[in-house]
Amino acid sequence: MEKGRLLLFPLPFQGHINPMLQLANILHSKGFNITIIHTSFNSPNKSSYPHFTFQSFSEESLAGCTSLLGNVKDIILLLNLMNKVWFDPFLDCVKRLLSNSSAEDPIRCLISDATLYFTQAVADLLKLPRIVLRTSSLSSFHVFHAFPLLLQKGYLSMEDSESEAPVLEAPPLKVKDVSLTFKIEGEALDVMLSGLMSGTKAASGLIWNSFEELEQSVLPNIQQEFPIPNFTIGPFHKYFTASASSLIAQDQTALSWLDMQAPLSVLYVSFGSLAAIDKTEFFEMAWGLANSKQKFLWVVRPGAIRGSEWLEPFPDELLEAVSERAHIVKWAPQQEVLAHPATACFWSHCGWNSTLESICEGVPMICSPSFGDQQTNARYIEAVWKVGLVLENGIEREEITRAIRRVMVDKEGIEMKMRISSLKEKANTCLTEGGSSYRSLESLVSFILSF
Ligand code: UDP
């Protein structure tokens with residue numbers, strides 16, 4: 001018998017589309033029919049999902065929204081704008097879907113990205129249960145929740161001399177992590193965070209792309225802060241790969257190049273789909289990589305170096321210095337790269353998907369967090385799970401070279417590899433019958449069927 005239909009609404013960014021479409025596949029495999037609601041902006045690749053129905057809604061024009069993507073402040077502005085101007089067209093769209101639904105295929109609930117907090121008011125108006133998908137770690141959401149307290153305690157206005165001090169209210173963060181996490185203090189951030197928190201608290205349930213064993217220490221805090229049913233059912237990409245929902249073509253030469261390298265000899269470098277660096281940082285990265293004398297596979301996303309199309313700032317002398325040891329692509333099949341036997345280390349911006357993908361393949365990390373949840377993820381990698389290092393001084397060639405050697409050559413790196421291999425095993429176990437994520441998914445399915 002059919003279990004009914006679910007409406008899923010992802011935030012249209014790569015790091016949010018991937019987990020929402022993976023979740024859609026997971027729930028489809030449990031017998032639910034799926035409708036993905038989407039916008040024309042970063043519209044998902046429908047041909048990879050012939051088993052889903054897609055419904056676009058005619059959003060107000062977000063003319064120029066791509067030009068808003070240049071820096072963090074603009075991402076927050078863009079999110080707030082989406083939450084404002086999408087209300088009416090989204091309401092119309094869901095109303096239409098409800099009135100066209102049939103008794104044989106009833107719509108059970110809406111599952112929307114937590115950052116699209118306006119959807120709670122739509123769900124309330126239409127008396128449709130709403131479940132939230134939070135695509136970050138529990139620990140970073142706990143830090144977001146603590147923002148008013150951290151602000152009140154003065155952590156955002158501390159002297160530079162305090163920057164290495166611990167944040168007692170949010171371990172293992174350092175003072176400098178707080179200002180980097182919330183670097184765009186001000187009204188836009190307040191609007192975003194309060195919408196995110198109240199929209200999540202008002203939801204019927206909360207789904208996490210994480211697993212209990214990884215974030216045990218913070219789970220009780222989250223259950224207290226969000227006293228609704230919480231479902232830790234991840235890691236999603238172990239059920240379905242992220243490749244199907246990639247918005248950019250993945251360059252498969254990354255894999256053929258890795259095939260020619262020795263086991264555990266390559267550093268994989270990628271800063272995800274949004275983070276950008278300036279030209280000076282790019283040179284520092286390139287020289288740090290060149291001086292490490294290690295092989296590396298580097299994803300340089302077009303537009304990731306501010307003010308350049310792609311690799312134009314790369315000086316010829318540097319290209320020559322690294323040509324034997326490097327392969328550079330615009331976008332890689334990341335999950336497969338991390339799973340490749342040649343990959344030894346991942347220098348990452350610590351987006352949550354990248355962090356989880358690396359943990360699940362047992363690949364230690366070098367961390368260059370940029371904004372939002374990335375600072376907390378990086379501190380957990382270094383100080384809680386002890387499976388990587390944070391570059392403390394931004395992007396600076398000598399520190400880069402030292403960090404690469406510490407993880408890829410020194411004894412320290414071997415210990416990190418052992419610890420992350422044990423997390424990898426836990427990630428595998430939690431999905432098997434009786435495991436924590438397996439059980440949580442079973443309760444999520446029963447929960448949805450109770451609507
Ligand atoms: N990704 C990819 N190819 C790349 C770089 C990234 O397919 O060259 C994928 C990666 O596997 C992950 C997502 O893009 O699933 C990035 O999400 P994350 O949360 O790590 O970072 P964001 O892009 O949201 O900052």
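When a ligand or atom number is given, it counts from 1 through the structure's own listing order.
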J.: For the residue pair Tyr49 and Phe52, categorise the inter-ring angle as parallel (less than 30°), tilted (30 to 60°) or perpendicular (more than 60°).
T.: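 Plane angle under 30°, so parallel.
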
J.: Identify, by atom number and element, the atoms of ligand 1 in contact range of Gly15, meaning under 4.0 Å from any of its heavy atoms.
T.: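 What qualifies from ligand 1 is 17 (O), 24 (O).
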
J.: Taking only non-hydrogen atoms of Ala275, do any sit less than 4.0 angstrom from ligand 1?
T.: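 Heavy atoms of Ala275 never come under 4.0 Å of ligand 1.
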
J.: Out of all atoms in ligand 1, which are within 4.0 Å of some heavy atom of Gly351? Include the element for each.
T.: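 So the answer, numbered in order with elements, is 18 (P), 19 (O), 20 (O), 21 (O).
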
J.: Show me which atoms of ligand 1 lie under 4.0 Å from any heavy atom of Gln250.
T.: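 By the 4.0 Å cutoff, the relevant atoms are 7 (O).
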
J.: Which word best sums up how the rings of His51 and His28 line up, parallel for under 30°, tilted for 30 to 60°, or perpendicular for over 60°?
T.: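 His51 vs His28 ring planes: perpendicular.
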
J.: Check for me whether Phe371 has a heavy atom closer than 4.0 Å to any atom of ligand 1.
T.: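 For ligand 1, residue contact (heavy atoms, under 4.0 Å) with Phe371 is absent.
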
J.: Can you find a pair of side-chain heavy atoms, one from Ser348 and one from Phe271, that are under 4.5 Å apart?
T.: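 Ser348 vs Phe271: side chains apart.
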
J.: With a cut-off of 4.0 Å, which atoms of ligand 1 are near a heavy atom of Trp352?
T.: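 Matching atoms, with element in brackets: 19 (O).
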
J.: Would you mind listing which atoms of ligand 1 come within a distance below 4.0 Å of any non-hydrogen atom of Gly272?
T.: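 Reading through ligand 1 atom by atom, the close ones are 23 (O).
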
J.: Any chance the rings of Trp86 and Phe57 have centres within less than 6.0 Å?
T.: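 Yes, they do, as the ring centres are separated by less than 6.0 Å.
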
J.: Which residue and atom name correspond to the protein heavy atom nearest atom 17 (O) of ligand 1, and how close is it?
T.: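 Looking at atom 17 (O) of ligand 1, the protein heavy atom closest to it is Asn353 ND2, 3.4 Å.
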
J.: For ligand 1, does Glu357 get within less than 4.0 Å through its side chain, its backbone, both, or neither, judged by non-hydrogen atoms?
T.: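 Near ligand 1, Glu357 shows its side chain, while the N, CA, C and O stay back.
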
J.: May I ask you to check whether Gln335 has an N/O atom sitting below 3.5 Å from an N/O atom of ligand 1?
T.: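 Such a contact does not occur with ligand 1.
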
J.: If you measure every N/O of Ala242 against every N/O of ligand 1, is any gap under 3.5 Å?
T.: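 No - when backbone and side-chain N and O of Ala242 are compared with those of ligand 1, no distance drops under 3.5 Å.
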
J.: Using the ring of each side chain (for Trp, its six-membered ring), is Phe182 parallel, tilted or perpendicular to Phe147, with breaks at 30° and 60°?
T.: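 Plane angle between 30° and 60°, so tilted.
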
J.: Can you tell me which residue and heavy atom of the protein come closest to atom 20 (O) of ligand 1, and the distance to 0.1 Å?
T.: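 Minimum-distance protein heavy atom for atom 20 (O) of ligand 1 reads Ser354 OG, 2.5 Å.
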
J.: Any side-chain donor-acceptor pair under 3.5 Å between Asn33 and Thr35?
T.: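 Distance-only check fails for Asn33 and Thr35.
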
J.: Among all protein heavy atoms in this structure, tell me which lies nearest to atom 8 (O) of ligand 1, with the distance rounded to 0.1 Å.
T.: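 The answer is Ala332 N, 2.8 Å.
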
J.: Is there a heavy atom of His349 sitting under 4.0 angstrom from any atom of ligand 1?
T.: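 Contact present.
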
J.: Could you check, using the six-membered ring where one of them is a Trp, whether Phe90 and Phe118 have ring centers closer than 6.0 angstrom?
T.: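 When the ring centroids of Phe90 and Phe118 are compared, they turn out to be within the sub-6.0 Å range.
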
J.: Salt bridge or not between Glu324 and Lys295? Use side-chain N to carboxylate O under 4.0 Å.
T.: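 The answer is no: the pair does not qualify as a salt bridge.
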
J.: What residue and heavy atom of the protein are closest to atom 1 (N) of ligand 1, and at what distance?
T.: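 Result for atom 1 (N) of ligand 1: Trp331 CZ2, 3.3 Å.
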
J.: Please give me the minimum heavy-atom distance between Phe296 and Trp257, naming the atom from each residue.
T.: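 That closest heavy-atom pairing would be O-CH2, 3.5 Å.
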
J.: Have Trp347 and Ser368 got a donor and an acceptor in their side chains that come within less than 3.5 Å?
T.: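 Yes, a side-chain donor-acceptor pair sits under 3.5 Å.
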
J.: Does any N/O atom on Ser246 come nearer than 3.5 Å to any N/O atom on ligand 1?
T.: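 No, there is no polar N/O contact under 3.5 Å.
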
J.: Should you measure from each heavy atom of Asn18, which atoms of ligand 1 turn up under 4.0 Å away?
T.: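 What qualifies from ligand 1 is 12 (C), 13 (C), 14 (O), 15 (O).
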
J.: Do Arg405 and Ser292 have side-chain atoms, one donor and one acceptor, less than 3.5 Å apart?
T.: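 No.
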
J.: Under 4.0 Å from a heavy atom of Ser270: give me the atoms of ligand 1 that qualify, with their elements.
T.: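 This gives 5 (C) as the contact atoms.
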
J.: Whether Glu392 and Arg379 form a salt bridge (side-chain N of Lys/Arg under 4.0 Å from carboxylate O of Asp/Glu) is what I want to check.
T.: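 Looking at Glu392 together with Arg379, the answer is yes, because their closest N to O distance falls below 4.0 Å.
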
J.: Counting from 1, what ligand 1 atoms have a heavy atom of Val299 closer than 4.0 Å?
T.: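 Result: 8 (O).
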
J.: Quick one: nearest non-hydrogen protein atom to atom 23 (O) of ligand 1, plus distance?
T.: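 Here the nearest protein heavy atom works out to Ser273 OG, 2.5 Å.
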
